[in-house]
Participant: 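Below you will find the structure I want to go over with you.
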Amino acid sequence: MDRLGGPTGSAERGSLLVNGEFRLADKIYPLPDMNIWRLADKHTHLQDEIHGFAWLDDLRDEGGKPAVSLARRWLFEWVDRHSGNRKEHFSPQMAGRRIIRWLRNGRIILTMQDQSRQDAFGQALGAHADVLRRHRRSIGTGLARIELATGRVCAEVANGSGRDELTRAAVALAKECRSVLSGTDGIASRNPEELFHILQYLNCAAAALHAAELVPESDHRNSMDIAGAILRSLKHSNGTMARFHGGGDIPTAISDRAVSEVGQAGPIKIRSAMGYARMLSGQTSAIIDVAAPPSHAASRNSHASTLAFEAVSGSCRLVVNRGSGQWLGLEDRLAARATDAHSAVEVNRDSSSLLETPKIWKPTGVREFAKVPGEVRISQLPGRDGLTVIASHNGYVPQFGLTHMRRLDMSRNGGRLWGEDTIWAKPGTDRQIHRRSIEEGHGNGAEVASRFHLHPDSTVRMLSGKRRVEVLLPNGEAWVFRFEGIARLEIEASTYLDELAFEARSSSQIVLRSTTRNGAAQFRWEFRRSPKAT
């Protein structure tokens with residue numbers, strides 16, 4: 001069962017565990033007497049993470065003998081503590097999560113163990129299978145539902161269940177696939193990283209079924225093809241995954257492996273996938289968010305990033321978003337969800353989607369979007385020199401009466417990416433709303449800012465005349481940013497949230513500032529690759 005896929009671990013976190021420290025998000029907790037269960041008893045907010053056994057993947061990826069020893073010791077301590085009739089931490093969601101980690105790490109768990117230990121482990125697997133069999137109703141978000149159903153399939157296989165029970169588990173997973181994955185619309189959260197983990201789980205379940213000499217249901221196979229195709233369309237030219245709506249960096253080798261397991265079946269032949277459009281020419285790529293954020297519960301991690309884009313050249317990220325910041329504190333996480341944390345256009349320092357007012361009954365930090373753009377339009381067509389994407393949204397109409405339209409063009413050789421941002425109030429009601437908002441703000445127009453966040457590995461400098469900026473990438477490329485129109489060009493500080501390193505890195509952003517005149521503002525801009533540094 002070691003072929004099973006699933007969310008991957010972190011060798012860095014595994015090393016911390018070996019040294020007596022447990023890391024969750026940006027906080028580190030000392031392990032009392034090197035006992036992870038005492039830590040869980042002491043800090044109740046850590047219990048789901050610890051009893052879900054995510055740390056088992058971390059210790060496996062660390063790989064040293066002390067890490068393997070800890071993995072075995074802690075697992076069998078859990079088995080001893082929870083054998084018999086104890087039901088703590090045996091919710092179906094937790095059982096599904098735990099059994100996947102157990103089975104995908106079975107080799108390091110059972111190697112060199114005596115028969116009594118192997119029997120105890122087998123009994124624990126049987127108990128998990130019973131829990132998942134009794135609780136067949138799906139719960140939670142899309143990822144959680146797939147995780148639970150995958151856990152049930154793996155538990156039945158590991159428990160040596162009969163063909164009828166295995167078939168029922170496979171059919172239940174296929175039903176969840178139909179519910180969670182909606183064709184090329186993808187998943188409700190529009191989070192690329194979440195879709196990646198769903199694909200890992202589906203690969204995991206498929207491997208388990210094949211091990212039991214069963215073929216996955218057609219909906220299961222179709223969902224794997226759909227997820228793989230969408231994820232391919234969300235990969236940049238350098239192999240990295242787009243970071244939108246709470247999705248963070250995924251190691252390229254790991255994402256490539258997960259996608260390659262479903263082959264090239266079911267390619268997506270549409271203008272956009274899961275609300276994103278990709279432009280690819282040579283070694284340059286851009287991915288644009290061309291849809292409204294998710295709604296309701298699916299929006300609890302999503303961002304106000306409509307019409308934001310990312311760009312990559314060669315092996316390097318050029319234009320980025322700040323990132324998810326899920327491992328940071330509440331204030332930083334909320335800031336990362338705002339429009340100004342993205343390479344997009346903001347109006348009057350407001351976001352294109354607005355968060356709801358916090359409610360007392362909701363968990364800390366869980367906030368959905370109360371208002372999102374009601375209309376987002378997109379068209380893709382061959383451009384004069386390459387590829388063109390034109391999109392617009394009305395997210396700023398309720399507050400300011402303004403519609404934002406962004407046009408992006410990429411040359412056929414990938415050496416030029418240029419765009420045009422137009423913000424205007426349509427005649428009639430929108431114009432009245434805009435005029436009223438200006439009067440209430442005691443100004444002469446709405447403030448407009450178009451932001452281009454840059455990767456921290458790049459070097460940025462303003463060129464003479466203050467209408468051009470040079471961006472030097474680590475691969476030696478130089479890109480020059482310039483603009484046309486009535487605007488002010490600035491270089492401002494920014495922050496890049498690096499999920500792989502659990503680090504907030506200082507970076508820069510290019511900002512074009514303007515003010516609406518007669519209900520409109522417009523400026524053109526471009527990034528052009530220079531043959532050498534200026």
Side-chain angles (χ1 to χ4, degrees), residues 192 229-244 249 252 255-256 259 267-273 276-290 307-321 342-344 378-391 406-421 450-461 463 468-484 496 507-510 512 523-534:
I230 292 175
L231 290 171
R232 286 188 197 98
S233 74
L234 296 180
K235 273 182 169 288
H236 281 289
S237 54
N238 66 351
T240 58
M241 195 75 70
R243 307 194 319 160
F244 285 103
D249 285 308
T252 302
S255 63
D256 286 346
V259 171
I268 294 179
K269 296 181 179 179
I270 58 170
R271 292 179 175 177
S272 62
Y276 302 99
R278 183 174 74 156
M279 309 172 75
L280 177 65
S281 293
Q283 293 187 325
T284 306
S285 64
I287 296 178
I288 310 106
D289 184 353
V290 290
L307 302 198
F309 77 99
E310 302 177 343
V312 161
S313 178
S315 61
C316 302
R317 290 185 182 269
L318 174 60
V319 180
V320 300
N321 298 315
H342 299 80
S343 296
I378 174 179
S379 62
Q380 289 193 67
L381 57 152
R384 182 176 53 194
D385 187 34
L387 303 171
T388 298
V389 172
I390 302 174
R406 167 165 276 181
R407 173 176 178 145
L408 286 176
D409 292 84
M410 183 179 290
S411 62
R412 295 189 186 279
N413 66 1
R416 182 176 177 232
L417 175 66
W418 70 102
E420 180 179 82
D421 285 310
S450 186
R451 299 180 181 274
F452 307 87
H453 292 267
L454 305 173
H455 194 275
D457 289 340
S458 61
T459 303
V460 188
R461 69 183 178 110
L463 299 179
R468 296 182 302 152
V469 171
E470 182 183 67
V471 183
L472 300 178
L473 302 183
N475 62 4
E477 290 183 354
W479 286 77
V480 175
F481 176 91
R482 56 171 58 87
F483 76 98
E484 298 176 0
Y496 183 82
S507 60
S508 300
Q509 59 176 309
I510 298 170
L512 284 177
F523 35 80
R524 299 178 181 88
W525 49 266
E526 74 166 10
F527 285 91
R528 184 187 291 267
R529 187 164 51 215
S530 175
K532 60 180 180 179
T534 305

Participant: Got a second to check how far I287's CD1 is from M241's CE, nearest 0.5 Å?
Facilitator: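 These two atoms lie 8.5 Å from each other.
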Participant: Specify the closest pair of heavy atoms between Y496 and R243, including all atoms of both residues, with the distance to one decimal.
Facilitator: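 That closest heavy-atom pairing would be CE1-NH2, 3.0 Å.
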Participant: Between S343 and V320, is there a donor-acceptor pair closer than 3.5 Å when you use the side chain of the first and the backbone of the second?
Facilitator: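 Present.
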Participant: Taking F309 as the fixed residue, which of W525, Y276, F244 is the one that meets the ring-ring contact (aromatic ring centres under 6.0 Å, His included) rule?
Facilitator: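 Testing F309 for a ring-ring contact (aromatic ring centres under 6.0 Å, His included) against W525, Y276, F244 leaves exactly one candidate, W525.
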Participant: Using every non-hydrogen atom in the two residues, find where T388 and R407 come nearest and quote the distance to one decimal.
Facilitator: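 Looking at all heavy atoms of both residues, the closest pair is CG2-NE, 3.7 Å.
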Participant: Where is the tightest heavy-atom contact between L231 and P192, given as atom of each residue plus distance?
Facilitator: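 L231 and P192 have their closest heavy atoms at CD2-O, 3.7 Å.
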Participant: Write down the atom of L408, the atom of M279, and the distance for their closest heavy-atom approach.
Facilitator: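 So the minimum-distance heavy-atom pair works out to O-CE, 3.5 Å.
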Participant: Heavy-atom distance under 4.5 Å between the side chains of D457 and C316, does that happen here?
Facilitator: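 Answer no - side chains too far apart.
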Participant: H455: what forms a side-chain hydrogen bond (donor to acceptor under 3.5 Å, both in side chains) with it, not counting sequence neighbours?
Facilitator: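 side-chain hydrogen bond (donor to acceptor under 3.5 Å, both in side chains) list for H455, sorted by chain: empty.
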Participant: Is the closest side-chain heavy-atom distance between I510 and L454 below 4.5 Å?
Facilitator: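 Side chain of I510 against side chain of L454, heavy atoms only: contact under 4.5 Å found.
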Participant: Determine the minimum heavy-atom distance between N475 and G314, stating which atoms define it.
Facilitator: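 Heavy-atom minimum between the residues: ND2-CA, 4.2 Å.
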Participant: In a check of side-chain hydrogen bond (donor to acceptor under 3.5 Å, both in side chains) between H236 and each of R278, Q283, E310, which one passes?
Facilitator: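 In the set R278, Q283, E310, the residue that makes a side-chain hydrogen bond (donor to acceptor under 3.5 Å, both in side chains) with H236 is E310.
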Participant: Between I390, L307, I288, V389, which is the residue that forms a side chain to side chain contact (heavy atoms under 4.5 Å, CB included) with I378?
Facilitator: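 That would be V389.
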Participant: Kindly indicate, with the supporting measurements, whether the criterion side chain to side chain contact (heavy atoms under 4.5 Å, CB included) is fulfilled by R482 and E526.
Facilitator: CA-CA 6 Å; R482 56 171 58 87; E526 74 166 10; 2.8 Å; yes
Participant: What I'd like to find out is whether the side chain of L318 reaches to under 4.5 Å of the side chain of S458, using heavy atoms alone.
Facilitator: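 The answer is no, as the side chains (C-beta and beyond) never meet within the 4.5 Å cut-off.
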Participant: Indicate yes or no for a side-chain donor-acceptor contact from S281 to the backbone of S411 under 3.5 Å, with no hydrogens or angles considered.
Facilitator: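 Present.
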Participant: Indicate, with yes or no, if the rings of F452 and W479 have centres closer together than 6.0 Å.
Facilitator: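 When the ring centroids of F452 and W479 are compared, they turn out to be at least 6.0 Å apart.
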Participant: For the CZ atom of R468 and the OG atom of S530, what is their distance to the nearest 0.5 Å?
Facilitator: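 Reported to 0.5 Å precision, the distance equals 9.5 Å.
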Participant: Would you say the side-chain atoms of N238 and S315 include a donor-acceptor pair closer than 3.5 Å?
Facilitator: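 No.
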Participant: How would you list, by chain and number, every residue that makes a side-chain hydrogen bond (donor to acceptor under 3.5 Å, both in side chains) with S450, sequence neighbours excluded?
Facilitator: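 S450 satisfies side-chain hydrogen bond (donor to acceptor under 3.5 Å, both in side chains) with R406, D421 once adjacent residues are dropped.
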Participant: Mind checking the OG1-CE spacing from T284 to M410? Nearest 0.5 Å is all I need.
Facilitator: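 So the OG1 of T284 and the CE of M410 are separated by 6.0 Å.
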Participant: When rounded to the nearest 0.5 angstrom, what distance separates CZ in F527 from CG in L417?
Facilitator: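 Reported value, rounded in 0.5 Å steps: 7.5 Å.
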Participant: List for me each residue that meets salt bridge (Lys or Arg N to Asp or Glu O under 4.0 Å) alongside E477, sequence neighbours excluded, and say none if there are none.
Facilitator: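 If we apply the salt bridge (Lys or Arg N to Asp or Glu O under 4.0 Å) test to E477, skipping adjacent residues, the hits are R529.
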